[in-house]
Amino acid sequence: MKIDIITIFPGMFDSVLNASILKRAVDKKKLKVKIHYLRDFAEGKHLQVDDSPYGGGCGMVMKLEPILKCLKSIRGAKKAKKLILTPAGSLFDQAAAVELSKEKQIVLLCGHYEGYDERVVKFFDGELSIGDYVLTGGELPAMVIVDAIARLIPGVLGNEDSAKQDSFMDGLLDCPHYTKPAIYKKMKVPEVLLSGNHKKINEWRMQEALERTRERRPALFKAKVGKEASKAENRKDGGI
Ligand code: 9D3
């Protein structure tokens, strides 16, 4: 998988790409990340990548030409999945990560200022947001997306299928975890986890995961319960 990132802050990516699992993925040639400095494609004395908005208003808008020139310079960009990172994009969630992890090449444009000239949109395949909070730019979202995708590429994590496994726990929040010691300053690990009864332990974990999801993420819980109900319905119908 190759990921090209277009940015006005190339330095932001150094530490993230040179650490831990992403670094290993790059070293193992499972992942290639190339940073493209947008200012290299700007023209004029001041190498402007932004300008004031037509119609007035505060803030600046990313200019069209540097973005299109940069796109043109990227090898394979024509066939690649090209995405703009913007708070107004559709939500990047785990399902989106799974879909993107199947691509051969992805180009990410990191949004900035008050946005970009809308005419760039037709040169891209879509616009993505990582969630409903306001950041200073699309660089951190780009790194979040690279990280989420990278761990889904076969061979990037040690335990290859654990990231993809379609178990009942998928789509639920994780259950609580404990490790040694069994008692710390009168704080005990739940008895069932010390019992060695794996059927009981699995039931407890499932119950905890369901309970947490229902309390903390009602929308996730609803989606999950709905999905399992229709799966059960399909089984009853004999797989129609
Ligand atoms: C007043 C309008 N603002 C939108 C809420 C303008 C604006 C703020 C911040 C435009 C861009 C940004 C910078 N953020 C991103 O480029 C961004 C982002 C984000 O802020 N949150 C979640 N996902 C993303 S993806 C790119």
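Keep in mind the model is a prediction, meaning the values are calculated, not measured. One-based numbering along the sequence shown. Atoms within a ligand are numbered from 1 in the order they appear, just like the ligands themselves.
- Listed for the Ser101 side chain is no donor-acceptor partner under 3.5 Å among the backbone atoms of Ile149.
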Which pairs of N or O atoms, one from ligand 1 and one from the protein, are separated by less than 3.5 Å, and what is the distance for each pair?
{"unit_1": "ligand 1", "atom_1": "16 (O)", "unit_2": "Gly138", "atom_2": "N", "d": "3.4"}
{"unit_1": "ligand 1", "atom_1": "20 (O)", "unit_2": "Leu135", "atom_2": "N", "d": "2.8"}
{"unit_1": "ligand 1", "atom_1": "21 (N)", "unit_2": "Tyr133", "atom_2": "O", "d": "2.8"}
{"unit_1": "ligand 1", "atom_1": "23 (N)", "unit_2": "Ser129", "atom_2": "OG", "d": "3.4"}
{"unit_1": "ligand 1", "atom_1": "23 (N)", "unit_2": "Ile130", "atom_2": "N", "d": "3.0"}

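- Residue pairs that meet the ring-ring contact (aromatic ring centres under 6.0 Å, His included) test with at least one member in residues 72-123, sequence neighbours left out, are Phe9-His112.
- Met1 approaches Leu100 most closely through the heavy-atom pair CE-O, 3.4 Å.
- You'll find the side chain of Ile6 reaches within 4.5 Å of the side chain of Ile74, heavy atoms only.
- Proximity of Ile67 to Asp117: side-chain heavy atoms (C-beta onward) are nowhere separated by under 4.5 Å.
- Between Glu203 and the choices Arg205, Lys199, Lys200, the side-chain hydrogen bond (donor to acceptor under 3.5 Å, both in side chains) rule is met once, by Lys199.
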